[in-house]
Amino acid sequence: MTLRFLLRNLLAQAAKVAAKKLGVALPNGFVARVDYTPNIKLGHYATPVAMELAKVFKKSPRQIAESILDALDKSYFTKVEIAGAGFINLTFSTKTLSNAVSFPSVGKWLKNVQGEIESEKIIFEYVSANPTGPMNIVSARAASVGDSLTRTLKAAGCDVWREYYVNDFGNQVEMLGLSFAYRYLQKFVPVELPENCYQGEYIKDYLEKILTDEKTPDAILLTKERIDTLDKSAWFLEAGKYFAPLGVRAILTDQQKDLKTFRAEFDQFFSEASLHQKGAVLEIAEKLKVKGKIKSEDGAQVFLSTEYGDDKDRVVVRSDGRPTYLLADIAYHHNKVERGFKRIVDIWGPDHHGYIARLAGALKALGFENFKVIIAQQVNLLENGEPVVMSKRLGKFQTMRDLIEKIPVDVCRYFFVVRSLGTHLDFDLTLALDQSKKNPVYYIQYAHARIHSIAREVDFGLTKPLELERVIGAGRLYEFFEREELFLFLLRFPEVVQDIARNYEIQRLPEYLYQTATLFTAFYHGKNNRIKDVLQSNPDEGFALLALCAFTAQVLETGLSFLGISAPKEM
RNA sequence: GCCCUCGUAGCUCAGUGGAUAGAGCGUUGGUCUCCGAAGCCAUGUGCACAGGUUCGAUUCCUGUCGAGGGCGCCA
């Protein structure tokens, strides 16, 4: 059990008793709010519950606080007091702390407290870059956040599935095929690439690969002799159809390779084309029609998304009978519902926010409401302080692979998760490299490596079971503030994980780890914490300090692993 | 024009309705006879503005101003 969970239960009981005694009723669904104190000298936790209840109870916060304290089981605490406007500050006893931390490892500890938060079957979709070119920098941001978030959610006990939607169907795939055809033809005669084709040089590279790897059918194959008699329009049609799927496959393969390098994992790559083949796309239009949410307009079928807060109704089936992208996306999300997911979360780029209302509306029309979209704001990529121009069509853009090649994955991933997704991110490549030695991610890794260095010095195995009762007892925790502060901060780790699982704000984890590293470094520099010396003068105390180090190392390593960042033992 | 996101220190940004609003970078000055100095210590006139809700607002609501993005039978 986490200390916070324990405290909430104790406070809920006490509030109930207090309410009864005061002759008032607690609000329905009352949950005592528990915060950390601004300074652990005030106590381990604080609750503003007396102030919150002041209005309902029509009593002064102080009076309520006193009633709650009267009813509180004080055997868990060494100190409880009322402070300020009516805060209740609580300090747990050594015994309570010992009970809370009796586990062999941080991993086991996390497993142990998994039952404290609700878990439902949940699907996360992120990145989902179009298979028409290399991934850009926003994809890298989404990959970092999506991957780190889902790893953390899993650790908190959530049942998470991670998916990448592949838009391998529709106009843009046709344009991709055509782009290949033009590049192929260009090898023989000068023709200009149409404006709406993909302009990037990468098409040429993929083309060469396809021409080498695959046996080009005679109908497509070009030779010097054939050019003169070629029926170009017929050939383009055939060649476009031929190259499109091969191009998609080649590009997707490279995307997957980059994601793997980036340590971003997925459980499944879901093909849009597979939905069309099954007929699931047009089928969903029928379902919406049955619900009365489709109207006909100029021969097209239009979803009444304005009923769900959208600006205008949206075409889902074109007048020529072809479905729009939106309809496929509705079918895809409905497919997620059919697979039994109780919560659907998508991370989208900033250019898609206008799309939320119509998709959420369609899901609502189909009876599903637990749908959440997180918008990853744009990344302004800077080089030497100057913005890097990104344009897929002009072929001038910074790819995710460029980024990985320039900057270590550990640093990239840290930079992307340390800022909340809602803010526009300035990512200065030059700065990221120039400052690399002072980079926060190295600071965290360094603290971890330093602990291993200490362990090597004194020949102590950091992987053996944590003996944290010993830290509290023999560690003389309350005599040295750096020890106590570090220890109590480490105890918050599962609570931080739980918070992230609830609010999806992954940036709290790197911040927590950074602060953990800071507290450890302060501890390390404390004159009284020189482990080699303490082991000489008082072996019990020395081993207690080593246990505290091992605890720190495990928290850092585990936390970094959620972020997909390595935890080196030496640097 | 409509919609979305954002506005916190010189810069980049944390901050779950609570106590004295924090961190990194930058600046300036200290600091290794030492388990790792990639370190540590010191150094700050800051919540865009105006209303509202609340016992309490940087946080929630409304408006103004400013920055970015989105408004297709493209995906």
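Keep in mind the model is a prediction, meaning the values are calculated, not measured. To find a chain, count down the sequence lines: A is the first, B the second, and so on, and within it residues start at 1.
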- Message: In terms of relative ring orientation, are A:Phe269 and A:Tyr164 parallel, tilted or perpendicular, with 30° and 60° separating the classes?
- Response: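 Rings of A:Phe269 and A:Tyr164: tilted, as their planes differ by 30° to 60°.
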- Task: Map A:Glu495 and A:Ser319 onto RNA chain B by nearest heavy atom, then report which one ends up closer to the 5' terminus.
- Result: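 That would be A:Glu495.
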- Would you mind telling me which residue lines up with the more 5' stretch of RNA chain B, A:Tyr36 or A:Gly170, judged by nearest nucleotide?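 Its nucleotide being nearer the 5' end, the pick is A:Tyr36.
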- Item | Any donor-acceptor N/O pair under 3.5 Å between B:G69 base and A:His424 side chain |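 In this structure, the two groups form no donor-acceptor pair.
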- Query: Between the base of B:A19 and the side chain of A:Asn89, is there a donor-acceptor distance below 3.5 Å?
  - Reply: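 Answer yes: a donor N or O sits under 3.5 Å from an acceptor.
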Whole angstroms only, please: what is the [atom1]-[atom2] distance between [X] and [N]?
X	N	atom1	atom2	answer
A:Leu519	B:G22	CG	C1'	14 Å
A:Gln377	B:C4	CD	C1'	8 Å
A:Leu425	B:A67	CG	P	21 Å
A:Ile374	B:C4	CD1	P	18 Å

Over all strands shown, is [X] touching base, sugar-phosphate only, or nothing at heavy-atom distances under 4.0 angstrom?
X	answer
A:Asp351	sugar-phosphate
A:Gln515	nothing
A:Ile531	base
A:Pro350	sugar-phosphate
A:Asp298	base
A:Arg33	base
A:Tyr524	base
A:Asn39	nothing
A:Ala46	base
A:Asp428	nothing
A:Gly422	sugar-phosphate
A:Ala300	base
A:Ser420	sugar-phosphate
A:Glu52	base

- Query: Does A:Arg318 put a side-chain nitrogen or oxygen below 4.0 Å from OP1 or OP2 of B:A75?
  - Reply: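 Answer is yes, contact under 4.0 Å.
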Under a 3.5 Å limit for both distances, which nucleotide forms a Watson-Crick or G-U wobble pair with [N], could you say?
N	value
B:A75	none
B:U27	none
B:G7	B:C65
B:G36	none

- Query: Which residue, A:Leu90, A:Asn89, A:Thr47, forms the side-chain contact (heavy atoms from CB on, under 4.5 Å) with A:Thr37?
  - Reply: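 Going through A:Leu90, A:Asn89, A:Thr47 one by one, the side-chain contact (heavy atoms from CB on, under 4.5 Å) with A:Thr37 is satisfied by A:Asn89 alone.
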- Do A:Asn167 and A:Gln172 meet the criterion of a side-chain donor-acceptor pair at a distance under 3.5 Å?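 Per modelled atom types, A:Asn167 and A:Gln172 side chains form no pair under 3.5 Å.
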- Message: Please find the pair of heavy atoms, one from A:Gln507 and one from A:Arg419, that lie closest to each other, and give the distance.
- Response: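 Shortest heavy-atom contact: CB-C, 4.0 Å.
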Considering only NZ, NE, NH1 and NH2 on the basic side and carboxylate oxygens on the acidic side, decide whether [X] and [Y] come within less than 4.0 Å.
X	Y	value
A:Asp320	A:Arg318	no
A:Glu541	A:Arg483	yes
A:Lys336	A:Glu163	no

- Interatomic distance at C1', B:G51 relative to B:A57, whole Å: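 Straight-line distance between the two C1' atoms is 13 Å.
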- Syn/anti label of B:C32 as read from its glycosidic torsion, with the cut at 90° from 0: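 Nucleotide B:C32 adopts syn.
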